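Step one of this worksheet: look at the structure below.
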Amino acid sequence: MFGLIDCNNFYVSCERAFNPGLLGRPVVVLSNNDGCIISRSQEAKALGLPMGAPVFKYSQLLERHRVAIFSPNFPLYGDMSARVMNTLGDLLPGIEIYSIDEAFADLCGFRHDDLQAVAGEVRSTVLRHTGIPVSIGAGRTKTLAKAANHLAKKRPACRGVCVLEARDERNALASLPVDEVWGIGRRYSRFLQGEGVGTALEFALLPREWVRRHLHVTGARVHAELNGEPCLSLEQVRPPRKSICVSRSFGRKVTQLDELENAVGTFASKCAQKLRAEGLRASLVTVFVHTGHYERPERSSGGHRTAAMPAETRSTIDIVRCASVLLRELYRKGFGYKKAGVVLGGLAPDAASAVTPSLFGDGQDEERTAALMLALDTVNSRYGSGALRLAVESPSGWKQRQENLSPRYTTDWDDIIEVRT
DNA sequence: TCTGGGGTCCTAGGACCC
DNA sequence: TCTGGGGTCCTAGGACCC
């Protein structure tokens, strides 16, 4: 059996953990730039606020119901996530951290009739240790555990836990709309609806070859998993990542090259910092820019360009310089850009034995760069990110709208909660 | 006026190898 | 009239996830 532990309305729950006055009220957390709604409390969902809704379209509704609105506070959410995952790791023999708010668990060691109690215990312990409410689903495959989790959230009678036994699978899948199945996205569900397939059960009963033909191997895997045939295993060690990306939408249109260069320089530098923090090197740098999604075609512009570095690098200077060159190739005067980003690829571990040196380097640069990057990271970790930076980076990161930011309760000494007695 | 950010995997087609 | 067989690697685009 697989378990899936999923935090309820995670970002909202993080805000609530430090602000109990928010309990029982409608609360939403917004995306960067305060653009869209990306997390909603139960009360906010009940008001009819959709996931991903642009804020400006719902400003009246938000105001009328006095919805509490938060700008995203990712340092807080990341830290709270680590607390939840640590607690789960202590309680369960094997977990796979699947996303910031979800983990799969290996439940094979437990007797079936104990699972309900085990899950209940996990739920109450996580809540007690972190203040975050979770829902737990269990099933014969990961996809069935996902489905069970969905039911645990949807059915009040479940009280946050749903252990799906093989004999109950048909009933459960019959009540699950096909677009709620893990691995069936917008496109496939529209296609399936068109074919008269509306529920997870109807999908599961389709002939295997038909699914393979129309939904390819990934769809076929989902199909098999729904039929109780495990295709996905628990991955307790995270596979090394393949790319690192930093990108932002701008609060306004950016037309000047030097402003764009500030932004791209800042993103490239953040990428390099992440790269070193994960003990990696990169050999490919990609820059992309584009105008707004909703711009008229004649005013739209954008694209991406990739360059290969002469040798695998971990240097902020190399990466920022390369990104600037790429940006100049992409930039076109007269367009209002709304988004830009930098992606690092060709990642490899930063082990001396594994690094391919540059054919034209003399090896000394390498040592000096290493010392410089160590100094850069040390200064910035002590005095705050951006304390020491390249001149091309903008001083305060890239300015974004964030009008309702909560304190960094758990990751910044200046923001720690004060208790007066 | 105002619409997020960061990822992975698969497939088809083209270029190339012997 | 007839024009091989068996591969790899790369890229773009599309699908999905949170």
Side-chain angles (χ1 to χ4, degrees), chain A residues 4-11 28-39 49-60 62 69-74 77-78 81 96-104 142-143 146 149-150 178-192 212-223 225 231-232 235 238-253 267 270-271 274-275 278 284 286 288 290-295 303-306 308 336 338-347 397-398 400-403:
Chain A
L4 176 69
I5 301 94
D6 188 320
C7 301
N8 300 346
N9 318 328
F10 182 55
Y11 298 165
V28 297
V29 173
L30 307 182
S31 63
N32 272 316
N33 270 317
D34 293 347
C36 294
I37 296 170
I38 58 167
S39 181
L49 291 164
M51 181 64 172
V55 174
F56 73 93
K57 283 192 181 172
Y58 290 88
S59 47
Q60 285 201 350
L62 292 164
I69 299 174
F70 288 90
S71 300
N73 187 344
F74 291 112
Y77 312 149
S81 171
E96 170 191 337
I97 299 173
Y98 174 66
S99 75
I100 193 164
D101 70 335
E102 284 171 79
F104 285 101
K142 280 183 163 182
T143 307
K146 271 273 196 186
N149 190 285
H150 188 82
V178 74
D179 58 306
E180 302 281 3
V181 173
W182 186 46
I184 303 295
R186 253 214 313 271
R187 197 65 191 266
Y188 284 167
S189 70
R190 212 184 315 147
F191 168 73
L192 289 170
R212 175 62 182 87
R213 192 161 64 243
H214 291 100
L215 276 63
H216 311 289
V217 298
T218 37
R221 243 172 346 229
V222 174
H223 181 254
E225 285 241 322
C231 302
L232 306 168
E235 304 198 17
R238 189 158 62 99
R241 66 149 128 198
K242 300 182 170 171
S243 66
I244 290 176
C245 173
V246 174
S247 75
R248 289 289 178 279
S249 294
F250 307 132
R252 56 185 171 76
K253 290 175 188 169
F267 304 158
K270 282 212 170 90
C271 274
K274 281 193 194 180
L275 186 74
E278 303 210 9
L284 297 171
T286 300
F288 65 84
H290 50 80
T291 50
H293 238 160
Y294 304 88
E295 196 72 84
H304 55 92
R305 284 186 87 90
T306 301
K338 280 284 289 185
K339 184 169 179 174
V342 176
V343 188
L344 301 182
L347 304 185
W398 183 258
Q400 298 197 70
R401 272 199 306 271
Q402 33 179 15
E403 286 165 5

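Naming: A, B, ... by sequence-line order, numbering from 1 per chain. Heavy atoms only: backbone and side chains are in, while hydrogens, waters and symmetry mates are out. For clarity, every value in this text was computed on a predicted model and none was experimentally measured.
Once rounded to the nearest 0.5 Å, the distance linking CD1 of A:I69 with CG of A:D34 reads 8.5 Å. Here the OG-CZ distance, from A:S71 to A:R401, works out to 10.0 Å after rounding to the nearest 0.5 Å.
Using a 4.0 Å heavy-atom distance criterion, A:D34 is classed as making no nucleic acid contact. Within the 4.0 angstrom heavy-atom criterion, no nucleotide atom of any strand lies near A:V55. At the heavy-atom level, A:L30 lies nowhere under 4.0 Å from the strands shown. No engagement by A:S59 is indicated, since no non-hydrogen atom pair under 4.0 Å with the nucleic acid exists. A:Y98 comes within contact range of the sugar-phosphate backbone alone, with a heavy-atom separation under 4.0 Å but no base atom that close. Contacts of A:R238 with the nucleic acid, taken as non-hydrogen atoms under 4.0 Å apart, are absent. No contact: A:K253 has no heavy atom under 4.0 Å from any strand. A:L215 comes within 4.0 angstrom of nothing in the nucleic acid, heavy atoms only. A:V181 comes within 4.0 angstrom of sugar-phosphate atoms only, judged by non-hydrogen atoms across all strands, and of no base.
Annotation: A:H304, atom NE2; neighbour count of heavy atoms from other residues, nucleotides and ligands within 6.0 Å does not exceed 12. Other residues, nucleotides and ligands contribute only 12 or fewer heavy atoms inside 6.0 Å of the CZ atom of A:R187.
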Subject >> Dot-bracket pairing map - DNA chain C, Watson-Crick plus G-U, both contacts under 3.5 Å, | cross-strand >> reply: ....||||||||||||||
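The residue among A:R212 and A:G52 whose nearest nucleotide of DNA chain B is located toward the 5' end is A:G52. In this structure, A:C245 and A:C36 both approach DNA chain B, and ranking their closest nucleotides by distance from the 5' end singles out A:C36.
Side-chain atoms of A:E102 never come within 3.5 Å of backbone atoms of A:D6 as a donor-acceptor pair (strictly under, hydrogens ignored).
Between A:F191 and A:Y188, the ring center distance fails the sub-6.0 Å criterion.
Closest non-hydrogen pair, A:Y11 versus A:Y77, comes out as CD2-CD1, 3.5 Å.
Note on ring orientation: taking the six-membered ring where Trp is involved, the planes of A:F288 and A:H290 are parallel (angle under 30°, cut-offs 30° and 60°).
The cationic atom of A:K142 (NZ for Lys, CZ for Arg) lies less than 6.0 Å from the six-membered ring centre of A:F104 and within 45° of the ring axis.
Think of the region where chain A sits on DNA chain C: with heavy atoms and a 4.0 Å cut, that region ends 5' and 3' at C:dA15 to C:dC18.
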